[in-house]
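In what follows, chains carry the letters A, B, and so on, assigned in the order in which the sequence lines appear, proteins first and then strands, with residues in each chain numbered from 1.
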Amino acid sequence: MSFAWWAVGIAALCLFLVAYYPTVSKTPALTQFMEEAPEWVKAFVGESAEDYTSPAGFLNGELFFMMAPMLFIIFTVSRGSAAVAGEEGKGTLDLLLANPIPRWRVVLEKAAAMAVSSICLGAVLWSALAAGAAAFGMDIGLGNLAAACLSCLLLGLFFGALALALGSLTGRRGQAVGIAAAFAVATFFLYSLSEVVRGLKPWSRLSPFYYYLAAEPLKRGLNGIHTLVLLASALALTALSAYLFERRDILV
Amino acid sequence: MEKVAILTRGLTKYYGRNRGVEDLDLRVERGEVFGFLGPNGAGKTTTIRLLLDLIRPTRGKAEVLGMDARVRGVEIRKRLGYLPGDLALYDNLTGEELLRYLAGLRGGADWGYVRYLAERLQCDLTLRIKSLSRGNKQKIGIVQAFMHRPELLIMDEPTNGLDPLMQHEFHRLVRETSEAGATFFISSHNLPEVERMCDRVGIIREGRLVAVDEVEALKRKALRRLEIHFASPVPPGDFAAIPGVKDLRVEDRTLTCSLTGSVDALIKAAARFEVLNVVSPEVGLEEIFMHYYREGSGGEGGGADA
């Protein structure tokens, strides 16, 4: 039910953005404006500020730099925190764990459910953009589009797994959401500011957003290493969740 | 097959600086209906959640169906039915959807039996759980504990929220299931209920087991309050020496006292005078516990060394 609303919302957003593109592409003054903007403005519009009017630049700036990852992270963090800590807060975990299932399996199956729903949402994102591009004559490679959508959903899964791990450790959903969200905001700023603040540059690799955006998947396709870093850390956090959850008392 | 259903040795759980339960030595035989009696906050739920491996002991050990609760939880839970004390269900499912989901996690249940249970408890499984009253939610909780015909049922305050008629239906269900071979471990803060349902009773107070006894013995030893109204004033001396009589007060034509054991001697002593009325006000649970507590710490009576 709630997934259906997410899918409708994301599809509508994509179609709206793509429909708006022809207007932008016919306004070269925008490119000029962006070229003259100060560095710190560019940092917050995304690395693609200079070619804002190209299809990839437009989608990067309007969607993939901030909007899409934000939506995916909200989706996954809410599911990841609900999986263990949410049920624990509602009190249904006692009933669930009275079944002959080991705790680690409960965590892994819930993580798998979160991954499957995120992948579906990623597929919605890709199809809506592909359909919109075809309808409004936006020239963008479908393979690169898929690379960007996949990177975005992996970034979401990383933060979802982080929320799952925090919930498995503390049993408190509020804490899991709060800490995961704060970490997402902090690492987003770390990555985007590192583009302009020279001192931050060496630290940008600590941000999950670096592995999502730095290789420009929308323009250059999937970067194997960056993709692997996101995937492996999401899996590691999931395994950690199972380990942490096995060891502690279930809250009343 | 193991003869012992539940065995704990020195089972202890501290929460931070609070004590949950301390040095609990429990032994529940197979086939019996064991009542776990205590006031709220005494440690009943803590003990039950330790048996389910939902929480882990600070020290000590618990064995369920002959297996270590910490190590072989999955095997134990296969053969176990559990009703949580603070029952929470998935509110957006119907009763039937919830039971099918839970049965699925166990590899299925006999659906004819589920319908039979639901019918006996007059429980409508087609309604969304969020629309149900507390008592009706509790019935679904009871059905899910019974539905896979477990060997051992651990139930935390099972009659919570049930109306008196349903409570009696539940007592009958427990009796019948027990006669078919199942073992029950049932917590309660209601002595009359435990007396009706159980073979043996363990009494827990402030985290410690203060007594374990047969229900019959408990009834014999149970504390009663008695008030006898006479037609004319009576001499207190005639009653003071009767065994089991405590807190004796004779005011004018009324005698009040507490009594343990048989009422026979007291009634016979009273019968020598003209008796207008005999009243036995119900004794509060806390008083019964105080009574046991005194006995337990005094070293006499009681089953466990507290």
Taking side chain as everything from C-beta outward and backbone as N, CA, C, O, which of these in Leu52(B) sits under 4.5 Å from a heavy atom of chain A? Side chain, backbone, both or neither. side chain
With sequence neighbours left out, the residues meeting side chain to side chain contact (heavy atoms under 4.5 Å, CB included) with Cys198(B) are Val33(B), Val194(B), Val215(B)
Return the orientation label for the Phe3(A) and Phe75(A) ring planes: parallel under 30°, perpendicular over 60°, tilted otherwise. perpendicular
Mind telling me whether Phe146(B) and Phe170(B) have parallel, tilted or perpendicular rings, with 30° and 60° as the class edges? perpendicular
Measure distances from Leu102(B) to the heavy atoms of chain A and classify the residue's part below 4.5 Å as side chain, backbone, both or neither. both
What is the distance from atom NE2 of His171(B) to atom CE of Met197(B), rounded to the nearest 0.5 Å? 4.0 Å
Using a plain distance cut of 3.5 Å, could you tabulate donor-acceptor pairs between chain B and chain A?
| residue | atom | partner | partner atom | Å |
| --- | --- | --- | --- | --- |
| Lys13(B) | NZ | Asp249(A) | OD2 | 2.4 |
| Arg49(B) | NE | Asp94(A) | OD2 | 3.0 |
| Arg49(B) | NH1 | Ile250(A) | O | 3.1 |
| Arg49(B) | NH2 | Asp94(A) | OD1 | 3.0 |
| Arg49(B) | NH2 | Ile250(A) | O | 3.0 |
| Arg49(B) | NH2 | Leu251(A) | O | 3.4 |
| Asp53(B) | O | Arg103(A) | NH2 | 2.8 |
| Leu54(B) | O | Arg103(A) | NH2 | 3.1 |
| Leu54(B) | O | Ile250(A) | N | 2.9 |
| Arg56(B) | N | Asp249(A) | OD1 | 2.8 |
| Arg56(B) | NH1 | Glu246(A) | O | 2.6 |
| Arg56(B) | NH2 | Glu246(A) | O | 3.1 |
| Arg77(B) | NE | Leu97(A) | O | 2.9 |
| Arg77(B) | NE | Asn99(A) | O | 2.9 |
| Arg77(B) | NH2 | Ile101(A) | O | 2.9 |
| Tyr82(B) | OH | Asp94(A) | OD2 | 3.4 |
| Tyr90(B) | OH | Glu87(A) | OE1 | 2.6 |
| Tyr90(B) | OH | Glu87(A) | OE2 | 3.1 |
| Arg106(B) | NE | Asn99(A) | OD1 | 3.4 |
| Arg106(B) | NH2 | Ala98(A) | O | 3.1 |

Looking only at heavy atoms and a cut-off of under 4.5 Å, which of Ile76(B), Val74(B), Leu89(B), Ile154(B) has the most pairs with chain A? Val74(B)
Identify which one of Glu169(B), Met166(B), Arg115(B) satisfies the side-chain contact (heavy atoms from CB on, under 4.5 Å) criterion when paired with Arg120(B). Glu169(B)
Out of Phe188(A), Phe183(A), Phe158(A), Phe65(A), which residue meets the ring pair (Phe, Tyr, Trp, His ring centres under 6.0 Å) rule with Phe209(A)? Phe188(A)
Using 0.5 Å steps for rounding, measure from the OG1 atom of Thr159(B) to the CG atom of Asn190(B). 6.5 Å
